[in-house]
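The figures that follow rest on heavy atoms only: side chains count, while hydrogens, waters and symmetry mates do not. Heads up: numbering here begins at 1 and tracks the sequence. This structure is a prediction, so every number in the text was calculated from the model and none was measured.
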Amino acid sequence: MNNRLPSTKEMQAFIVTAEQLKFTLAAQILNVTQGAVSRQIISLEKKLDITLFHRHARGLSLTEKGLRFLPLIKQVLQQMKNAVEQVSAIKPIIKLKVPSCITTWLLPKVMAFQQAYPEIKVELTSSIKHDINFSSESFDAAICYCTEIKDKSLTSDLLFEEVLTPVCASSLLPEGTTQLSIDEMKNMPWLHSTPQQSDWSLWLTHANSASLVSKHNQHFATLDVAVSAAKQGFGISIGDLVLASLDVESGALVMPHSLQVKSGKGYYLASSKTSNNLSLPILVAWLLEHTR
């Protein structure tokens with residue numbers, strides 16, 4: 001490294017002194033001693049092998065080279081400041097888009113990540129859409145619900161596979177029981193997260209009861225709303241094993257049947273291969289570690 005290059009402290013001391021033309025005033029602004037400012041200027045002059053100031057009894061004046069040097073060094077410091085701001089703007093904020101159905105499960109993990117890495121902020125946005133288009137949406141990463149991510153411009157990691165099973169409030173079960181037969185289920189309202197009733201249809205097919213229908217059906221726009229209705233005792237929903245785990249542990253939900261079915265889909269954490277967010281790999285590694 002060239003030892004003639006001035007330090008940022010020397011450059012800042014020169015700029016403030018050139019604007020004030022008094023060591024005493026420059027020292028007050030920089031919150032250092034007058035002697036410290038004087039030493040910074042002398043050191044800078046020695047490195048450049050020029051005289052920057054004329055010293056007078058009542059103050060200072062810039063030499064011809066000092067006058068030429070001032071706007072140049074101001075420009076250098078501004079460029080350094082802009083570079084730091086651009087990197088800082090990228091590094092501490094991660095904009096993450098997630099399906100609304102995964103928010104309750106993900107939020108405690110994001111909060112734990114924030115405690116582990118307080119300098120990195122995660123801006124969480126939930127959506128009923130399960131995909132992402134990084135060219136038109138201003139997100140750094142997204143959790144996508146799909147069979148697989150085929151887009152070669154994306155980097156993706158599987159967080160967990162979807163495993164379906166019925167869930168409901170314990171109040172729906174006959175007293176003293178923890179399980180329901182499929183025949184008992186058909187007499188209760190079935191809660192659906194899609195108009196196509198695809199989750200129930202898949203689960204019933206694996207239960208060898210594909211032709212079975214419920215007497216009462218209620219449809220919702222998303223899985224989280226259907227599961228929320230189940231928690232409130234309005235019927236039985238098909239829920240994901242991982243997403244329902246917190247509610248099962250707390251007793252808000254029970255799993256009244258032992259059959260668990262893989263849907264073939266999963267939740268993938270995806271980001272663009274061209275992403276320049278320096279903090280994103282930290283979040284990805286952390287989520288993968290604390291999910292698997």
Side-chain angles (χ1 to χ4, degrees), residues 86-165 167 193-194 198-199 202-203 206 222-227 238-249 255 260-292:
Q86 288 180 28
V87 173
S88 296
I90 292 169
K91 184 173 182 179
I93 300 178
I94 300 173
K95 295 182 178 180
L96 178 61
K97 178 186 177 183
V98 303
S100 59
C101 61
I102 204 174
T103 306
T104 301
W105 171 84
L106 182 65
L107 190 56
K109 299 184 185 300
V110 170
M111 298 307 294
F113 174 81
Q114 300 273 219
Q115 290 180 347
Y117 297 91
E119 73 280 7
I120 303 174
K121 297 180 180 178
V122 179
E123 188 176 285
L124 197 62
T125 300
S126 64
S127 171
I128 61 172
K129 294 183 178 180
H130 294 167
D131 56 2
I132 183 69
N133 186 339
F134 289 109
S135 62
S136 60
E137 298 180 78
S138 58
F139 294 101
D140 298 301
I143 294 178
C144 303
Y145 170 71
C146 54
T147 52
E148 63 176 320
I149 293 181
K150 298 179 180 179
D151 191 336
K152 300 301 182 183
S153 68
L154 302 183
T155 298
S156 64
D157 295 281
L158 177 65
L159 290 175
F160 60 90
E161 292 181 286
E162 184 179 52
V163 180
L164 302 177
T165 193
V167 292
S193 59
T194 63
S198 54
D199 289 349
L202 178 64
W203 187 84
H206 281 78
T222 60
L223 176 63
D224 53 315
V225 178
V227 172
I238 295 293
D240 174 76
L241 199 63
V242 172
L243 298 183
S245 59
L246 291 175
D247 287 323
V248 172
E249 289 173 9
M255 295 185 290
Q260 299 174 356
V261 177
K262 289 185 178 182
S263 70
K265 296 183 178 181
Y267 291 87
Y268 292 81
L269 181 58
S271 60
S272 172
K273 289 181 178 178
T274 60
S275 172
N276 61 352
N277 191 312
L278 303 180
S279 293
L280 186 55
I282 300 174
L283 175 64
V284 171
W286 196 94
L287 284 177
L288 290 175
E289 179 185 352
H290 289 78
T291 299
R292 294 173 178 173

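Taking CG from D199 and OG from S263, the interatomic distance works out to 7.5 Å, rounded to the nearest 0.5 Å. Between the CG atom of L269 and the CG atom of L96 there is a distance of 6.5 Å, given to the nearest 0.5 Å. A distance of 7.0 Å separates OH of Y268 from OG of S156, quoted to the nearest 0.5 Å. The structure places CG of D157 at 8.0 Å from OG of S271, a figure rounded to the nearest 0.5 Å.
Annotation: salt bridge (Lys or Arg N to Asp or Glu O under 4.0 Å) contacts involving residues 263-291, sequence neighbours excluded, are absent.
Residues that satisfy the salt bridge (Lys or Arg N to Asp or Glu O under 4.0 Å) test with K95, not counting sequence neighbours, are absent from this structure. Listed by chain and residue number, K262 satisfy the salt bridge (Lys or Arg N to Asp or Glu O under 4.0 Å) test with E161 (two or more places apart in sequence, or in another chain). The side-chain hydrogen bond (donor to acceptor under 3.5 Å, both in side chains) search around T103 returns none, not counting sequence neighbours. In terms of the side-chain contact (heavy atoms from CB on, under 4.5 Å) criterion, residue partners of T222 (sequence neighbours excluded) are, by chain and number, S100, I128, D224, V225. Residues passing the ring pair (Phe, Tyr, Trp, His ring centres under 6.0 Å) test with H206: none are found, sequence neighbours excluded. Every residue two or more places apart in sequence or in another chain was checked for a ring pair (Phe, Tyr, Trp, His ring centres under 6.0 Å) with F139, and none qualifies. For D247, the salt bridge (Lys or Arg N to Asp or Glu O under 4.0 Å) partners are K231, not counting sequence neighbours. Take V110 and apply the side-chain contact (heavy atoms from CB on, under 4.5 Å) test, not counting sequence neighbours, and it matches L106, Q114, V122. Taking T291 as the reference, W105, K109, L159, F160 meet the side-chain contact (heavy atoms from CB on, under 4.5 Å) condition, with sequence neighbours excluded. Applying the side-chain hydrogen bond (donor to acceptor under 3.5 Å, both in side chains) test to S138 and every residue at least two apart in sequence or in another chain returns nothing. When the salt bridge (Lys or Arg N to Asp or Glu O under 4.0 Å) test is applied to E137, the partners found at least two apart in sequence or on another chain are K97.
Nearest heavy atom pair, residue S275 against residue L280, reads OG-CD2, 3.9 Å. Between L158 and L288, the shortest heavy-atom contact is O-CD2, 3.9 Å. Shown here for V167 and G239, the closest heavy-atom pair between the two residues is CG2-N, 4.0 Å. Between A142 and F134, the shortest heavy-atom distance links the atoms N-CZ, 4.0 Å. Nearest heavy atoms, L243 versus C101: CD1-O, 3.8 Å. When every heavy atom of S279 is checked against every heavy atom of N277, the shortest pair comes out as N-OD1, 2.9 Å.
Side-chain contact check for V248 versus M255: some heavy-atom pair is nearer than 4.5 Å. The shortest side-chain heavy-atom distance between S272 and T274 falls under the 4.5 Å cut-off. Contact check for I143 versus P99: side-chain heavy atoms found under the 4.5 Å cut-off. Within the 4.5 Å cutoff, no side-chain heavy atoms of E123 are placed close to those of K121. Proximity of T165 to V261: side-chain heavy atoms (C-beta onward) are nowhere separated by under 4.5 Å. Between T125 and V98, every side-chain heavy-atom pair lies at or beyond the 4.5 Å cut-off. Side-chain contact check for L241 versus Q260: some heavy-atom pair is nearer than 4.5 Å.
In summary, of the residues considered (I282, L283, L278, L124), a side chain to side chain contact (heavy atoms under 4.5 Å, CB included) with I94 occurs for L283 alone.
By the 30° and 60° cut-offs, the orientation of the rings of Y267 relative to Y145 is tilted.
When atom types are taken as modelled, the side chain of D240 and the backbone of V163 share a donor-acceptor pair closer than 3.5 angstrom.
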